[in-house]
Amino acid sequence: MSAYDANAIEMKWQAAWDKAGTFKASRSGDKPKYYVLEMFPYPSGRIHMGHVRNYTMGDVVARHKMATGYNVLHPMGWDAFGMPAENAAMASGIHPQTSTHQQIAAMKDQMKPLGWSLDWSREFATCESEYYGQQQSMFIDFMEKGLVYRKNAVVNWDPVDMTVLANEQVIDGKGWRSGAAVERRELTQWFFKISDYSEELLAAIDHLDNWPAKVKLMQANWIGKSRGIEIPFHLTAPVGDIADITCYSTRPDTMRGASFVAISSDHPVAKTLEAENPDVATFCATCRKMATTEEAMEKAEKLGFDTGLSVAHPTEPGKVLPVWIGNFVLMDYGTGAVFGCPAHDQRDLDFARKYDLPVRNAFYIPGEAVEVGNDALVPAKTEPVEFIDHFAGFGAVTSQQAIDATIDWFEAKGLGTGMVKYRLRDWGLSRQRYWGCPIPVVHCDACGVVPEKKENLPVELPVDVTFDQPGNPLDRHPTWRDVDCPSCGKPARRETDTMDTFVDSSWYFARFTAPNADTPTNMDDAKYWMNVDQYIGGVEHAILHLLYSRFFARAMNICGHLPDSAIEPFDALFTQGMVTHEIYQTRDDKGRPVFHLPEEVTDGKLTATGEAVEIIPSAKMSKSKKNVVDPVHIIQQYGADAARWFVLSDSPPERDVEWTASGAEAAYKHLNRVWMLCDRIAQMPEDTAGDDTGLTRAMHKAVHEVSLNIETFAFNKAIANLYEFTGILGKSNASGAAQKLAVRTLAQLMSPYTPHLAEDIWAHQGGQGLIANATWPVADEGLLVEDTVTLPIQINGKRRSEITVARDMPKEQVEKLALATDAVTRALDGSVPKKIIVVPGRIVNVVL
RNA sequence: GCCCGCGUGGUGGAAUGGUAGACACAAGGGACUUAAAAUCCCUCGGCUGAAAGGCCGUGCCGGUUCGAGUCCGGCCGCGGGCACCA
């Protein structure tokens with residue numbers, strides 16, 4: 001055995017696994033199946049530390065499951081459609097298809113040396129027509145089942161580049177290329193009816209037992225179920241043929257405090273007024289210039305316009321409320337109209353102060369001030385409130401009881417209609433871009449919107465397109481759009497919108513079960529392999545991707561592409577933290593941020609120009625922010641095993657980890673030590689005598705703890721266990737036989753992390769076959785418990801001493817021993833303790 | 001702004017409500033060496049003490065408890081998501 005040559009070892013064992021087909025999954029066998037999946041990457045062309053961390057975690061799980069008797073499926077593919085390739089095409093002229101395939105090849109070259117136990121035979125990219133053609137077929141199925149529809153929706157419009165912008169491309173309200181103020185524009189777009197599944201998607205969260213609680217909470221909040229009531233407010237004079245403005249409220253208990261009604265600029269009343277009143281039109285136009293993100297709308301200054309109209313207060317005869325148009329009222333949610341109660345809602349209070357509207361309480365909290373200053377009085381749901389108005393008869397109730405009771409009250413009086421609403425909106429999937437899955441429909445003047453015939457699928461993206469101007473190349477393609485109507489045969493036009501890339505990633509996990517099927521899935525394969533037993537990916541996908549996938553699985557089930565058992569596709573989810581890194585930023589002459597690569601910066605200044613750089617600490621690594629660290633040099637320098645060991649050591653996997661260069665070397669040094677230790681023990685005669693008890697105990701403890709820590713995703717702790725066990729083994733004076741067994745066990749325990757090194761040690765220590773196929777060791781429970789235990793002795797909760805006693809010593813005896821210790825007798829000074837708490841095997845606390 | 005999470009030595013972190021700092025990294029000291037690298041050994045939260053020990057200490061303030069890094073309430077700071085980034 002020579003020096004540790006990571007590169008040689010890694011190539012050798014990767015070749016051996018390839019040759020043996022170790023990771024090729026097949027449906028046969030009598031073992032239980034286990035499907036482990038990591039979120040597939042966008043092929044940026046370079047792997048980054050986040051990928052290495054994510055896929056190594058999955059690999060540890062996959063290898064551990066293989067060793068513990070499962071038939072494992074562990075596939076990999078490419079989320080290959082998306083904006084970056086199209087942007088690059090505009091910048092450099094390289095066709096997205098060319099660049100994407102180059103980048104896939106480049107990335108695969110960087111991934112292969114890491115030795116992940118992936119079944120590459122199932123690889124596919126979503127930009128291949130074999131994949132997206134099946135997606136188009138499902139889209140048509142979804143149309144037939146009424147899961148898809150069209151409606152108008154707003155997009156960000158760059159008036160200079162004459163193109164639709166993604167939210168990411170809108171910076172401070174301006175287009176990222178042109179710098180022009182972005183406008184909102186309405187387009188007819190395609191939607192999935194995910195909102196029909198709001199209740200089901202919400203209710204089913206309760207059964208996702210192996211999902212992180214925070215992800216479930218985020219999803220539940222996103223779906224946003226609320227009980228409220230729709231209350232019509234009668235206009236004192238009708239507007240056209242509109243007699244009422246119906247407001248949706250979840251807080252009818254605040255009705256006494258209502259001091260205005262606010263409507264969206266897209267509300268029918270606003271639209272009617274707009275036609276006649278130029279001031280209204282101007283205000284509505286201002287509202288519509290606002291960015292489309294919820295964040296921007298929430299943060300924007302609240303603006304209002306008094307229409308001069310008024311409505312009657314529903315419960316107080318003779319009282320009227322003014323009607324305002326508010327830029328903070330969304331037409332998409334509720335009815336596009338709300339009543340404002342400044343006393344009990346902070347936003348309404350700010351609005352009322354700004355426009356000098358009355359503030360009037362509906363209730364107060366007993367024992368607290370009634371006057372509302374600059375803070376709205378918003379009681380916690382469990383807090384008692386006392387009404388000032390006609391609800392006073394309810395007596396002392398909690399805020400939540402008040403809400404429920406007043407909803408019932410309004411309903412009973414016929415003043416409103418109780419209603420459950422969800423925040424979840426339908427999923428708009430239309431993208432006015434080239435590099436995505438074409439939506440397989442045709443627009444015919446005679447027949448309207450007609451789905452493409454399935455035998456004509458896939459609707460392939462044309463390759464002969466140009467990227468010399470912004471906008472969708474499909475729109476300006478000379479011939480691709482022009483087709484005959486699939487229904488009547490007359491000349492018609494293809495849909496030129498493509499699908500959101502979230503569609504591509506909403507079912508790839510199902511496709512992996514039968515990647516070559518000529519239908520979206522193969523039922524037998526889907527029944528065998530689904531669900532994904534363990535899904536692993538970034539916490540940034542906690543809402544959208546996972547919610548869309550849950551919806552898609554249901555839709556696929558309805559269309560016969562997934563079995564009933566697979567409507568919740570991910571049995572267990574683990575969300576890893578992100579790999580973060582500083583961002584280096586300067587500003588251009590217009591004040592817009594310009595990002596710089598870490599290697600372009602020295603001592604807080606741009607290396608090239610000396611310009612001072614603003615350093616933003618610890619942000620998600622992303623290509624657009626240029627703070628991505630390339631792991632390739634670490635792999636080249638220290639080997640894949642060291643890189644794998646390093647990314648899982650130290651940081652708990654669910655937590656973000658700030659990238660630092662140190663540590664990779666430490667991992668390499670440790671693997672070297674293991675290598676040399678194993679070499680030394682290999683050369684030991686088998687019959688060397690020694691005391692085995694300590695090593696044997698340590699080995700069983702390591703087996704137990706490493707196994708447990710892998711199963712619970714505490715990879716960093718398992719590595720700490722391995723460090724500890726290696727240290728004990730290195731100093732052991734146990735017999736040759738025991739040390740050799742310990743080394744083989746160490747290799748097995750390390751094998752999910754450092755599989756190449758483990759294989760090599762295994763081979764040198766006379767292990768049978770590949771360690772990748774070896775059976776995981778099992779700890780002897782009897783060797784895990786120590787006979788004696790050291791108990792801390794606390795006095796008034798502070799540790800003052802300790803005693804070492806037999807594990808099973810009775811409480812009374814422990815108490816007696818504790819009271820006899822110097823520290824306790826000194827503290828007691830002859831007096832009697834108030835109380836003595838003895839927690840067997842844990843602690844003794846003497847209370848004076 | 002709203003939803004979610006996080007905050008422990010110089011650093012990454014460990015700790016079923018029960019000895020805070022496991023396991024590492026960095027740093028310092030020593031051994032080996034002509035020297036360096038590599039390797040090995042020791043020290044390593046703060047203050048105090050010759051030592052034994054003592055006091056303080058898990059972002060801040062308060063609470064529950066025999067006992068709080070852990071549970072509860074209120075702050076502060078940082079990160080993620082906010083529906084066209086993937």
Side-chain angles (χ1 to χ4, degrees), chain A residues 39 41-42 44 79 81-84 153 155-156 164-170 189 194 212-215 217-222 224 292-300 302 328 332 346-347 423-433 500-502 504-505 538-545 547-548 575 577-578 580 617-620 622-624 649-652 654-658 660 662-663 665-667 669-670 672-673 676 714 716-717 719-724 727 790-802 833-837 839 841-848:
Chain A
M39 292 178 186
Y42 174 79
S44 62
D79 188 14
F81 277 135
M83 285 203 310
V155 292
N156 301 305
V164 174
L165 297 178
N167 285 335
E168 192 194 43
Q169 298 171 314
V170 180
Q189 306 195 59
I194 190 171
K214 70 167 171 180
V215 174
L217 190 56
M218 282 156 95
Q219 292 223 346
N221 288 339
W222 186 260
T292 56
T293 67
E294 196 165 303
E295 181 194 6
M297 287 189 275
E298 286 291 332
K299 277 187 176 168
K302 305 297 177 279
F328 54 89
D332 284 348
Q346 191 61 44
R347 189 187 60 193
R423 207 182 71 98
L424 181 65
R425 308 202 296 256
D426 278 332
W427 172 9
L429 67 118
S430 295
R431 297 291 180 271
Q432 296 71 39
R433 271 182 267 282
D500 178 6
T501 56
F502 271 121
D504 312 335
S505 56
V539 66
E540 67 272 26
H541 294 293
I543 297 176
L544 290 178
H545 162 63
L547 193 61
Y548 290 157
T575 50
M578 283 169 303
T580 61
S618 193
K620 171 186 170 183
S622 100
K623 212 183 168 190
S624 62
S649 60
D650 293 349
S651 277
E654 68 278 11
R655 208 186 292 185
D656 289 354
V657 57
E658 169 76 19
T660 54
S662 65
E665 194 188 352
K669 281 185 186 172
H670 177 71
N672 257 301
R673 276 193 291 270
M676 288 188 293
N716 55 323
K717 287 190 253 171
I719 285 181
N721 302 144
L722 289 166
Y723 269 114
E724 205 166 3
T790 300
L791 297 180
I793 295 173
Q794 293 184 334
I795 296 168
N796 287 337
K798 297 212 176 260
R799 183 186 175 280
R800 285 295 178 265
S801 184
E802 62 181 35
K834 246 188 222 156
K835 196 171 178 182
I836 302 167
I837 289 131
V839 184
R842 273 288 173 199
I843 203 162
V844 180
N845 190 12
V846 180
V847 185
L848 300 182

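Residue numbers begin at 1 in each chain, while the letters A, B, ... track the order of the sequences. The figures here come from the full heavy-atom set of this structure, side chains too, leaving out hydrogens, waters and symmetry mates.
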Results of ring-ring contact (aromatic ring centres under 6.0 Å, His included) for His541(A) - residues two or more places apart only: His545(A)

How about Thr292(A) and Asn167(A): does a side-chain donor come under 3.5 Å of a side-chain acceptor? yes

It should be established whether Arg425(A) places a side-chain nitrogen or oxygen under 4.0 Å from OP1 or OP2 of nucleotide A83(B). no

Results of side-chain hydrogen bond (donor to acceptor under 3.5 Å, both in side chains) for Lys299(A) - residues two or more places apart only: Glu295(A)

Is the phosphate of C55(B) approached by Arg800(A) (side-chain N or O, under 4.0 Å from OP1 or OP2)? yes

When you measure from the side chain of Lys302(A) to the backbone N and O of Ala300(A), does any donor-acceptor pair fall under 3.5 Å? yes

Need one value for Gln189(A): base, sugar-phosphate or nothing, where a base atom within 4.0 Å counts as base even if backbone is also close, heavy atoms only. base

Under 4.0 angstrom, heavy atoms only, what part of the nucleic acid is Lys299(A) near: base, sugar-phosphate, or nothing? base

Considering every strand and a 4.0 Å limit on heavy-atom distances, what is the contact class for Arg655(A): base, sugar-phosphate, or nothing? sugar-phosphate

For Asn716(A), enumerate each residue passing the side-chain hydrogen bond (donor to acceptor under 3.5 Å, both in side chains) test, keeping only those at least two apart in sequence or located in another chain. none

So what does Gly577(A) touch, heavy atoms closer than 4.0 Å: a base, only the sugar-phosphate, or nothing? nothing

May I ask you to say what Val170(A) touches in the nucleic acid, namely base, sugar-phosphate or nothing, with a heavy-atom cut-off under 4.0 Å? nothing

Please confirm whether the shortest side-chain N or O distance from Arg423(A) to OP1 or OP2 of A83(B) is below 4.0 Å. no

Quick one: label His670(A) by what it contacts on the DNA or RNA (base, sugar-phosphate, nothing), any heavy atom closer than 4.0 Å. nothing

Less than 3.5 Å between a donor and an acceptor, one on the side chain of Glu294(A) and one on the base of C82(B), is that the case here? no

Select base, sugar-phosphate, or nothing to describe what Pro41(A) touches, counting heavy atoms under 4.0 Å on all strands. nothing

Pairwise C1' distance, U70(B) and A14(B) [rounded to whole Å]: 13 Å

G17(B) versus A24(B) - spacing of their C1' atoms, nearest Å: 27 Å

Nearest-angstrom distance, P atom, C42(B) to A68(B): 35 Å

Is the backbone N or O of Gly577(A) less than 3.5 Å from a side-chain atom of Asp656(A), with the two atoms forming a donor-acceptor pair by type? no

Identify whether any heavy atom of Trp427(A) sits under 4.0 Å from a base atom; if not, whether one sits that close to sugar-phosphate; answer base, sugar-phosphate or nothing. nothing

Of all the choices, C84(B), G18(B), A86(B), which nucleotide is nearest to the side chain of His541(A) once you look at every atom? A86(B)

Please tell me which of Val539(A) and Lys214(A) maps to the more 5' nucleotide of RNA chain B, matching each residue to the nucleotide holding its nearest heavy atom. Lys214(A)

Could you give the distance separating A38(B) and A27(B) at their P atoms, to the nearest angstrom? 11 Å

Between C40(B) and G45(B) - C1' atom distance, rounded Å: 27 Å

P atoms of C2(B) and G13(B), separation to the nearest Å: 29 Å

Residues at least two apart in sequence or cross-chain that pass side-chain contact (heavy atoms from CB on, under 4.5 Å) with Arg673(A), listed by chain then number, are Lys669(A), His670(A)

Just to verify, what does Glu540(A) make a salt bridge (Lys or Arg N to Asp or Glu O under 4.0 Å) with, not counting sequence neighbours? none

Are there any protein N/O atoms within less than 3.5 Å of an N/O atom in nucleotides 74-76 of chain B, and if so, which ones and at what distance?
none

How is Met578(A) classified with respect to the nucleic acid when contacts are heavy atoms under 4.0 Å: base, sugar-phosphate, or nothing? sugar-phosphate

May I ask you to say what Ser505(A) touches in the nucleic acid, namely base, sugar-phosphate or nothing, with a heavy-atom cut-off under 4.0 Å? nothing

Quick check: do Lys834(A) and Val846(A) have side-chain heavy atoms less than 4.5 Å from each other? no

Distances for protein N/O vs nucleotides 63-68 of chain B N/O pairs under 3.5 angstrom?
| residue | atom | partner | partner atom | Å |
| --- | --- | --- | --- | --- |
| C66(B) | O2' | Asn845(A) | ND2 | 3.2 |
| C66(B) | O2 | Asn845(A) | ND2 | 2.5 |

Between Glu654(A) (CD) and G79(B) (C1'), how many Å, whole number? 15 Å

Looking at A86(B), I'd like to know if its phosphate oxygens (OP1 or OP2) sit under 4.0 Å from a side-chain N or O belonging to Thr501(A). yes

Hey, what are the protein-to-nucleotides 37-40 of chain B N/O distances that come in under 3.5 Å?
none

By the 4.0 Å heavy-atom rule, please label Ile793(A) as base, sugar-phosphate, or nothing. nothing

Output yes when at least one side-chain N/O atom of Lys302(A) is less than 4.0 Å from OP1 or OP2 of G1(B), else no. no

Can you tell if the side chain of Gln794(A) reaches within under 4.5 Å of the side chain of Ile843(A), non-hydrogen atoms only? yes

Residue-phosphate contact under 4.0 Å: Asn716(A) side-chain N/O, A14(B) OP1/OP2: yes

Given G13(B), is OP1 or OP2 found less than 4.0 Å from the side-chain N or O atoms of Ser651(A)? yes

In whole Å, measure the gap between the P atoms of C23(B) and A83(B) for me. 47 Å

Any donor-acceptor N/O pair under 3.5 Å between U16(B) base and Arg842(A) side chain: yes

Hey, which of these two, Leu217(A) or Leu429(A), hits RNA chain B nearer its 5' end, going by closest nucleotide? Leu217(A)

Conformer about C1'-N of G5(B) - syn within 90° of 0, anti elsewhere: anti

Evaluate the side-chain proximity of Arg800(A) to Ile793(A): yes if any heavy-atom separation is below 4.5 Å, no if none is. no

Donor-acceptor contact below 3.5 Å, side chain Asn796(A) vs main chain Val847(A): no

To the nearest Å, how far apart are Asp650(A) CG and C25(B) P? 9 Å

Test of understanding: with salt bridge (Lys or Arg N to Asp or Glu O under 4.0 Å), list the residues that count as partners of Arg431(A), not counting sequence neighbours. Asp500(A)

Under 3.5 Å: donor-acceptor pair, side chain of Asn156(A), backbone of Val164(A): no

Can you check the distance between G77(B) and U8(B), where both ends of the measurement are the C1' atom (answer in whole Å)? 16 Å

Parsed dot-bracket for RNA chain B after applying the Watson-Crick and G-U rules with both distances under 3.5 Å and | for other-strand partners is (((((((..(((.....[....))).(((((.......))))).((((....))))..(((((..]....))))))))))))....

When all nucleic acid strands are considered with a 4.0 Å heavy-atom cut-off, which category describes Gln169(A): base, sugar-phosphate, or nothing? nothing

In chain order, what residues pass the salt bridge (Lys or Arg N to Asp or Glu O under 4.0 Å) check against Arg423(A), with sequence neighbours excluded? Glu294(A)

State, yes or no, whether a side-chain contact exists between Val539(A) and Lys214(A) at a heavy-atom distance under 4.5 Å. yes

Should the side chain of Glu540(A) and the base of C82(B) be counted as holding a donor-acceptor pair, with the cut-off at 3.5 Å? no

Does any non-hydrogen side-chain atom of Val844(A) lie less than 4.5 Å from one of Ile837(A)? no

My understanding is that only residues two or more places apart in sequence, or in another chain, count here; which of them pass ring-ring contact (aromatic ring centres under 6.0 Å, His included) with Phe328(A)? Phe351(A)

Side-chain atoms of Tyr42(A) come closest, of G79(B), A86(B), C4(B), to A86(B)

